[in-house]
Amino acid sequence: MDYKHKLKSRLYVAIIYIALGILMICGTFVVKTENDFISSFGFVMVIMGLVRIRNYRMITKNEETIRKQEIIETDERNVMIAHKAKSTAFSVYALLLSTVVICLSLFNMREEAKWIAYSVLLLVAIYWVCYLVYQKKA
């Protein structure tokens with residue numbers, strides 16, 4: 001994928017973050033829920049989108065900055081570090097949530113444990129689907 005195209009797709013993701021955040025914030029007012037978590041999460045999504053847009057604008061200021069950033073992102077060492085970090089984060093997150101499921105079950109909070117267990121299973125299912133897709137491409 002062309003690096004400029006990759007940057008454009010990141011810009012679109014940032015816009016999606018902002019749109020989802022605004023939907024969450026507006027949704028709490030429309031539904032009139034007392035759940036502050038959803039509106040706070042929406043606010044954080046908007047901030048994340050704005051930060052990504054700022055990064056996009058800083059990188060695309062001129063061709064030299066684009067070239068330097070492309071070299072940084074395509075450097076084999078940096079790519080390997082990013083993959084290892086993602087792999088470790090995935091494993092730690094799955095193990096941590098699995099431990100939380102066990103603890104919640106011990107405290108008779110079965111409904112919460114069930115939903116967290118479903119989220120772990122969904123994460124693992126997404127991993128395997130992505131794995132199979134990338135395996136076929138390679």
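Quick caveat: nothing in here was measured; it's all calculated off a predicted structure.
- When the shell of 6.0 Å around CD of E76 is examined, it contains 12 or fewer heavy atoms from other residues, nucleotides or ligands.
- M24 contributes atom CE, which lies 11.5 Å from atom CD1 of I22 (distance to the nearest 0.5 angstrom).
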### Task
Decide yes or no on side-chain contact (heavy atoms from CB on, under 4.5 Å) for I72 and Q69, but give the supporting numbers first.
CA-CA 5 Å; I72 290 170; Q69 190 64 31; 4.2 Å; yes
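- Between L7 atom CG and T60 atom OG1 the span is 7.0 Å, to the nearest 0.5 Å.
- Taking every heavy atom of both residues into account, A14 and R52 meet most closely at CB-CB, 3.6 Å.
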### Message
As a quick check of understanding, evaluate salt bridge (Lys or Arg N to Asp or Glu O under 4.0 Å) for E73 and R10, giving each step before the final call.
### Response
CA-CA 14 Å; E73 288 188 25; R10 289 180 187 170; 2.5 Å; yes
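- No continuous path of hydrophobic side-chain contacts links Y127 to L95 [ILVMFWY only; heavy atoms under 4.5 Å].
- Taking the six-membered ring where the residue is Trp, F37 and F41 present parallel rings, their angle staying beneath 30° rather than reaching 60°.
- Residues V120 and S98 share a closest heavy-atom pair of CG1-OG, 4.1 Å.
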### Message
Walk me through whether L132 and K136 qualify under side-chain contact (heavy atoms from CB on, under 4.5 Å).
### Response
CA-CA 6 Å; L132 293 173; K136 288 191 187 284; 5.5 Å; no
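- Between the CG atom in L50 and the CE atom in M48 there is a gap of 10.5 Å [rounded to 0.5 Å].
- When all heavy atoms of S119 and L97 are compared, the pair lying nearest together is OG-CD1, 4.2 Å.
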### Message
Determine whether R67 and E70 satisfy the following criterion, salt bridge (Lys or Arg N to Asp or Glu O under 4.0 Å), listing intermediate values before the conclusion.
### Response
CA-CA 5 Å; R67 191 181 62 73; E70 182 178 13; over 6 Å; no
### Query
side-chain contact (heavy atoms from CB on, under 4.5 Å) between Y118 and W115: does it pass, once the steps are laid out?
CA-CA 5 Å; Y118 287 157; W115 285 106; 3.8 Å; yes
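- A single hydrophobic cluster is seen to contain both F90 and V100, as judged by linkage of ILVMFWY side chains at heavy-atom distances under 4.5 Å, directly or through other members.
- Note on Y56: it clusters hydrophobically with I15, by side-chain heavy-atom contacts below 4.5 Å among ILVMFWY residues.
- The line from CE of M45 to OH of Y17 is 6.5 Å long, rounded to the nearest 0.5 Å.
- Put simply, V79 and I71 are part of two different groups of oily side chains (I, L, V, M, F, W, Y) that touch within less than 4.5 Å, one to the next.
- Between T74 and Y3 there is no side-chain heavy-atom pair separated by less than 4.5 Å.
- The heavy-atom pair separating T65 from M58 by the smallest distance is CG2-O, 3.6 Å.
- Taking both residues in full, the closest heavy atoms of I116 and V101 are given as CG2-CG2, 3.5 Å, listed atom of the first, atom of the second, then distance.
- Residue I102 is not grouped with residue L121 when hydrophobic side chains (ILVMFWY) are merged at heavy-atom distances under 4.5 angstrom, including chains of intermediate members.
- When side chains are defined from C-beta on, Y131 counts as touching W128, because their heavy atoms get closer than 4.5 Å.
- With T28 contributing its side chain and I25 its backbone, the two residues share a donor-acceptor pair below 3.5 Å.
- Around NZ of K114, the count of heavy atoms belonging to other residues, nucleotides or ligands within 6.0 Å exceeds 12.
- Taking CD from E111 and CE from M109, the interatomic distance works out to 11.0 Å, rounded to the nearest 0.5 Å.
- How far CG of L104 is from OG1 of T99: 11.0 Å, rounded to the nearest 0.5 Å.
- Looking at S87, its side chain never comes within 3.5 Å of a backbone N or O of H83 through a donor-acceptor pair.
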### Task
Mind running salt bridge (Lys or Arg N to Asp or Glu O under 4.0 Å) on K4 and E63 for me, showing each step along the way?
CA-CA 10 Å; K4 287 183 180 181; E63 289 296 320; 2.8 Å; yes
